Amino acid sequence: MLQVNEIRENFERACEGLRKRNIPNPDALLQQVMDMDDKRKQTQVERDSLQAESNALAKQIGQLMKSGKREEAETIKEQTAAIKSQVKALEEQYSSCENSLTQILYSIPNIPHESVPAGKSAEDNEVVLQDGQIPELSPTQKFPHWELIKKYDIVDFELGVKITGAGFPVYKGKGAKLQRALVNFFLDEAEKAGYHEVQPPIMINEESGYATGQLPDKEGQMYMASEDGLYLIPTAEVPITNMYRNEVLAEADLPKKNAGFTPCFRREAGNWGAHVRGLNRLHQFDKVEIVQITHPDKSYPTLEEMSLHVQQLLQKLKLPYRVLRLCGGDMGFTSALTYDMEVFSAGQERWLEVSSVSNFETYQSNRLKLRFKNQDRKTVLAHTLNGSALALPRIVAALLENNQSERGIKMPKVLVPYLGFEWIS
RNA sequence: AGAGGAGUGGCAGAGUGGUCGAUUGCGGCGGUCUUGAAAACCGUUGAACCGCGAGGUUCCGGGGGUUCGAAUCCCUCCUCCUCUGCCA
């Protein structure tokens with residue numbers, strides 16, 4: 001969540017940023033935040049001084065009791081009753097101030113970076129670059145992946161429906177091997193780029209959900225095991241970033257670079273339509289995630305570095321891709337700047353989002369209480385970033401569609417050592 | 001899952017109702033000594049919030065309670081250890 005002090009210091013910039021997110025009347029909203037914070041401070045001052053008074057009296061009583069002056073102690077005791085009830089009232093007022101301040105801050109998204117274009121929807125995203133060869137498929141061999149997987153019997157949706165429900169496919173034979181190969185390839189590449197591999201839990205508690213911003217914003221998007229109060233992760237970002245919740249790192253420890261493979265679970269409530277057939281949208285899918293914790297001065301160069309890492313994966317897989325700078329209206333709640341990577345899938349003739357790389361600046365670390373000690377020995381909030389590198393299903397879709405031919409589907413060279421075969425046929 | 005024990009500052013470990021934010025040791029930082037280092041000695045050493053400052057408030061696993069006053073008593077949750085049971 002946003003820091004009130006930052007809002008104070010950069011009021012105009014903050015308002016402008018929220019306008020980019022199409023938030024109506026940001027001036028009034030942020031003014032309200034500052035007023036609530038003022039109220040909070042004022043209440044704290046009142047409470048603290050009264051508490052100090054009460055503490056002093058208690059101390060006096062202690063001393064009197066010690067020296068045997070019972071009666072004097074009793075007299076002072078009587079005075080404390082009034083103060084005590086006042087303290088209690090102020091205490092309640094303070095926590096109600098704090099709660100409503102937190103509530104309103106939870107409802108305000110991150111301030112977009114200067115470079116974020118204004119815009120309402122995905123149509124206003126800015127194409128930063130496009131690379132790779134868009135394949136020209138013959139009209140007789142131009143199938144969408146949901147037909148190809150049936151033909152080669154490598155992913156079975158019906159079987160998944162039987163076991164679980166829609167959106168939980170069963171990968172079979174070479175389809176299953178392709179999953180395994182991609183995961184290993186992505187993890188190896190991440191390791192080469194200096195990421196430390198971790199395998200985190202795929203269920204998280206409520207606190208973790210709040211800390212990275214999935215809660216309360218995306219409550220309905222996560223599966224929940226209500227008996228135990230745990231959520232299935234929508235992305236490895238949540239457990240991996242939460243490894244650093246309530247930590248104070250040394251500046252020399254930065255950047256922290258972690259990568260992990262996990263299945264991801266999304267309810268995608270109300271998100272289904274004709275364009276989400278096959279592997280385009282699932283309730284469970286596999287993803288390798290890269291996460292960095294950086295010094296605030298380094299987070300934007302790091303974002304570029306991460307974007308480049310993802311692009312290199314796509315280049316190695318020989319997939320045509322483009323990079324989008326998301327507009328204010330399409331960007332995630334907690335992000336300050338997001339690049340989406342899309343691959344062109346020739347069977348559907350559509351661009352498919354396969355990665356999203358974001359800088360959250362201090363929005364997450366403020367909730368996480370993730371800080372580091374700087375050279376002046378001050379504890380300051382670190383910046384957090386993450387990105388998919390990569391999400392599997394749409395990569396699989398594009399690989400199948402783009403590499404199809406009469407002979408079968410040719411696997412990209414880099415995957416062959418992982419797969420042990422070259423063709424799905 | 002059942003029975004018992006325990007959670008205190010970076011770590012170890014005192015403290016069972018009143019100057020306890022907390023004895024002490026180790027570690028860390030600064031200094032004396034030294035050509036330099038070690039040893040020794042001296043000093044210093046948690047965090048958050050409010051305040052220009054002086055200073056104040058809060059924090060002894062989390063939350064709640066008793067009390068004029070709680071690390072210390074009570075309730076509850078969490079975690080760890082030991083034993084028993086179960087199980088990839």
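Naming: A, B, ... by sequence-line order, numbering from 1 per chain. Computed from a prediction, not measured in an experiment: that's the story for all the values here.
- When the C1' atom is compared between B:G63 and B:A12, the two are found 29 Å apart, to the nearest whole Å.
- B:G21 and B:U57: their C1' atoms are spaced 13 Å apart (whole Å).
- Residue contacts for A:L57: at a heavy-atom cut-off of 4.0 Å it reaches no nucleic acid atom on any strand shown.
- In this structure, the side chains of A:Q348 and A:H145 come closer than 4.5 Å at one or more pairs of heavy atoms.
- Between A:T80 and B:G69 there is no side-chain polar atom (N or O) within less than 4.0 angstrom of OP1 or OP2.
- Counting any heavy atom pair closer than 4.0 Å across all strands shown, A:K77 reaches a base atom.
- When each of A:M65 and A:N5 is assigned the nucleotide of RNA chain B with its nearest heavy atom, A:M65 is the one assigned upstream, toward the 5' end.
- A:Y195 and A:H309 have tilted rings, their planes meeting at an angle from 30° to 60° on a 0 to 90° scale.
- Atom name P, nucleotides B:G28 and B:A37: the rounded distance is 15 Å, in whole Å.
- For the C1' atoms, the distance linking B:G61 with B:G53 amounts to 36 Å, nearest Å.
- Taking the ring axis of A:F333 as reference, the NZ or CZ atom of A:K218 does not stay both within 45° of it and closer than 6.0 Å to the ring centre.
- Distance noted for atom C1' between B:U24 and B:U45: 15 Å (whole Å).
- Straight-line distance between the C1' atoms of B:C78 and B:G64: roughly 14 Å, to the nearest whole Å.
- Comparing the same atom, P, in B:A71 and in B:G65 gives a spacing of 15 Å after rounding to whole Å.
- Using N1 to N3 plus N6-O4 or O6-N4 for Watson-Crick, or N1-O2 and O6-N3 for G-U wobble, each under 3.5 Å, B:A40 pairs with B:U32.
- B:G4: Watson-Crick or G-U partner is B:C81, with both key distances under 3.5 Å.
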